Amino acid sequence: MSELIEGFPDTALGRLFTGAHPPADVTWFSLPGGRTLYAAGDPAETLYFVRAGRLGAVRREEGHEQQFLGVIKSGEPAGEMALIAGTPHTATVMALRDSEIMALPRAAFFAAARRHPEIMAELARLMIVRARHSGGRNPAGNPTVFGFVGVSDGLEVRAFVEQVEREVAAIGRTAAVVGSEALQAPTEWFTVVEQRHDFVLYVAEPGEAAWTELCGRQVDRLFLVGKGDAPPPGKPSDFAAEAIRTHRLMDLILVHDRPGRPTGSAAWLDAAPAARLFHVRSGDRADAARIARVITATSVGLVLSGGGARAYAHIGAIRALREAGTPIDFVGGASMGAIIAAGVALGWDDAEIDRRIRKGFVESSPLADIALPIIAMTRGLNVAERLRQNFDDVEIADLWLPYFCVSSNLTTGAYELHKRGPLRNALRASIALPGILPPVIEGDNVLVDGAVMRNFPADVMRIWHSGPIVGVDVSVSRGLTAKDMKLPGSLWSWLLSGDWRKGPPIVSLLMRAATVSTQRDLIAAHEVTDLLIAPKLEGVEIRDWKAYEPAVEAGYKATVAALEKLDRPVTELRHPDGEHGELGHGLTLAVAAPG
């Protein structure tokens, strides 16, 4: 330990731990793969330095799924933010593989920093970069070492991964594809390969048992690759390292040779505890490019808010994004935004989205089946039938794009995340506006509109996705006014005018009340959004299902304006090292008046 480790940058921190004269209080220990270095809530009394190996950071917050925050590589510190702040650790850090750790007590670190001020300046720069990576919440960098392991007989994984590598190169990054030819290579060889390339893609074909085991212990994140038209094997992930399995740092790629929408994908998720599921068509360059964007953290997540008829603006936003060549790789939403997002995930083009939304919502009101308001003002039959016509028995796992929607669980008091199960059941819960549509009962839980608790679920997308997030939020437009609450002149005039199909003014009151987000929630959601689009929809009333064209046009104009303000493509709004440009956290806000 008396010489600076070869391959480490010559930094003040590196010299502190590995130079000729490290502090006497520095200790060294081995941390086996899967073991925890420190847990969230532990006191921060030590600065750690990764001499060899890799660490992973995770966080679980109340009401959220566990979030993988990133990787801490050899030559980098761990625990520095909490140590300097004097607060407990906010994340759990564990070894992704067998690692060698050096430790320096808090008092000894500050003593060294007083003697060598450049150490503190260097740490400050590192903390800024790490904090910017995810709106101030991410203590680590993105994964750079991935494993692709074939789990279906007859599948040629390397050909697919080499196609992904070419798409990584097209993005402007370097990647090395390493197969079983490296099985007997020494540990140092793997270290050199990982240092010389932006990304390393380890590939194991089906049946390469020894190499598969090694891949499962060597990577930051693992892809299981299977045939979409074949049943899953019994336990496809038993070989993976403990940390990979325990913290679900594993994704699933299903390759499809046959035309048509995927089916039966839920069985794969039952067999493998994958965090995300990707569908790719054999030989399809666009799908390989999507996986390349996922690897390089340049994939784009689209989040669509609720907002009744104002959510038509999402359709214009999607059209503008597609015209600009902006890819959509992940999609999610709440309430009416969840329905439009589902169409994107199913692969609907602009014409099909337009046709289906017009038929389902514009040509006749979805809220026209007025009922005696015992539980809700409508029976919900119209909405249920429209969902059946458009989404039939599609499972969320069978959507072409990774998708989620949210509803609000009135039983638990938290939002409900829908990433599996029948799509139309999830959508019915996500749009069940309290007092307007009957709630959805799942077991003992009462589910209502997702807008009640997460109208703009960008924070949910950030847990799932590390690339840029584009958010279209139609809830920040002007709210209700006294004009919206004006009572009809008479019952007969109300009926003859056809306005009864919108529902009485109380419908606007209930819908707006359900879709109003608190300032705190909006700030939190907007902080993780890299491109925020907020169409101006003052002329579109929340229950005016006929106001299709002006809402769509407002969404289109706002999105065009937002894209024109960018100094780089949307895919590059988040740099691989976590730094953002002059747009702060990458956030750009654009508004446009309806046409």
Side-chain angles (χ1 to χ4, degrees), residues 5-8 30-37 50-58 68 70-76 78 93-101 140-151 157-158 160-162 164-165 168 173-225 235-253 272-275 291 294-297:
I5 299 173
E6 184 179 356
F8 282 180
S30 177
L31 187 68
R35 294 287 181 86
T36 297
L37 179 63
V50 183
R51 186 175 187 271
R54 291 197 172 207
L55 307 180
V58 297
F68 178 61
V71 174
I72 302 170
K73 305 171 186 176
S74 59
E76 295 182 350
V93 170
M94 73 293 177
L96 291 173
R97 62 182 75 161
D98 292 348
S99 301
E100 297 177 10
I101 308 297
N142 286 318
T144 57
V145 181
F146 296 86
F148 293 80
V149 175
V151 294
V157 182
R158 182 152 192 157
F160 168 70
V161 176
E162 288 176 344
V164 171
E165 186 273 333
V168 170
R173 310 285 194 267
T174 63
V177 178
V178 179
S180 58
E181 67 276 4
L183 181 59
Q184 302 302 322
T187 302
E188 294 77 11
W189 183 87
F190 293 96
T191 301
V192 170
V193 171
E194 293 170 11
Q195 288 174 344
R196 289 180 177 176
H197 297 85
D198 295 328
F199 302 93
V200 177
L201 313 179
Y202 292 107
V203 183
E205 301 288 0
E208 294 180 337
W211 177 242
T212 294
E213 290 281 349
L214 191 150
C215 288
R217 300 193 308 269
Q218 188 71 20
V219 300
D220 301 335
R221 196 165 187 112
L222 183 66
F223 289 102
L224 302 179
V225 187
K235 294 183 178 180
S237 59
D238 278 358
F239 63 87
E242 180 184 350
I244 297 290
R245 287 184 281 108
T246 301
H247 298 285
R248 296 184 70 212
L249 306 180
M250 184 187 313
D251 299 315
L252 182 61
I253 296 176
I291 300 302
V294 171
I295 288 171
T296 58

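This one's a predicted model, so the numbers in the text were calculated from it and none came from an experiment. Any value given below was found using the heavy atoms of this structure, including those in side chains, with hydrogens, waters and symmetry copies removed.
- At least one donor-acceptor pair closer than 3.5 Å links the side chain of E205 to the backbone N or O of R158.
- We find the CD-CD1 distance between E165 and I295 to be 10.0 Å, quoted to the nearest 0.5 Å.
- Note that the CE atom of M250 and the CZ atom of R221 stand 9.5 Å from one another [nearest 0.5 Å].
- In plain terms, the two heavy atoms of A78 and L37 that are nearest each other are CB-CD2, 4.4 Å.
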- prompt: Where do T144 and R54 land on the side chain to side chain donor-acceptor pair (under 3.5 Å) test, with the steps shown first?
  reply: CA-CA 11 Å; T144 57; R54 291 197 172 207; 2.8 Å; yes
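- Across all their heavy atoms, P206 and V151 have their closest contact at CG-N, 4.4 Å.
- No side-chain donor-acceptor contact under 3.5 Å links H247 to the backbone of A243.
- Minimum interatomic distance between E242 and G33 (heavy atoms only, all atoms of both residues): OE1-O, 4.1 Å.
- Scanning all heavy atoms of the two residues, the minimum distance from T296 to R173 falls at CG2-CG, 4.1 Å.
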- Between F160 and I291, is a side chain to side chain contact (heavy atoms under 4.5 Å, CB included) present by the stated rule, with each step listed? CA-CA 10 Å; F160 168 70; I291 300 302; 4.0 Å; yes
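- Counting only heavy atoms from C-beta outward, the side chains of V178 and W211 approach each other to under 4.5 Å.
- Proximity of a side-chain donor or acceptor of S74 to a complementary backbone N or O of V50 within less than 3.5 Å is not detected.
- A salt bridge between R97 and E194 is present, with a side-chain N of the basic residue lying under 4.0 Å from a carboxylate O of the acidic one.
- Taking the six-membered ring where the residue is Trp, F223 and F148 present parallel rings, their angle staying beneath 30° rather than reaching 60°.
- The side-chain heavy atoms of V164 and F199, taken from C-beta on, include no pair separated by under 4.5 Å.
- What you find for T212 and A204 is that their closest heavy atoms are OG1-CB, 3.5 Å.
- Interatomic distance, L224 CG to I244 CD1, rounded to the nearest 0.5 Å: 10.0 Å.
- Looking at every heavy atom in both residues, A95 comes nearest to P32 through CB-O, 3.4 Å.
- With contacts defined as side-chain heavy-atom distances shorter than 4.5 Å, the pair M94/V58 qualifies.
- Here the straight-line distance linking atom CZ of R35 with atom CG of L55 works out to 14.0 Å at 0.5 Å rounding.
- The distance from the CZ atom of R248 to the CG atom of L222 is 13.5 Å, given to the nearest 0.5 Å.
- Between V219 and F146 there is no side-chain heavy-atom pair separated by less than 4.5 Å.
- Interatomic distance, NZ of K73 versus CG of L96, reported as 11.5 Å (0.5 Å rounding).
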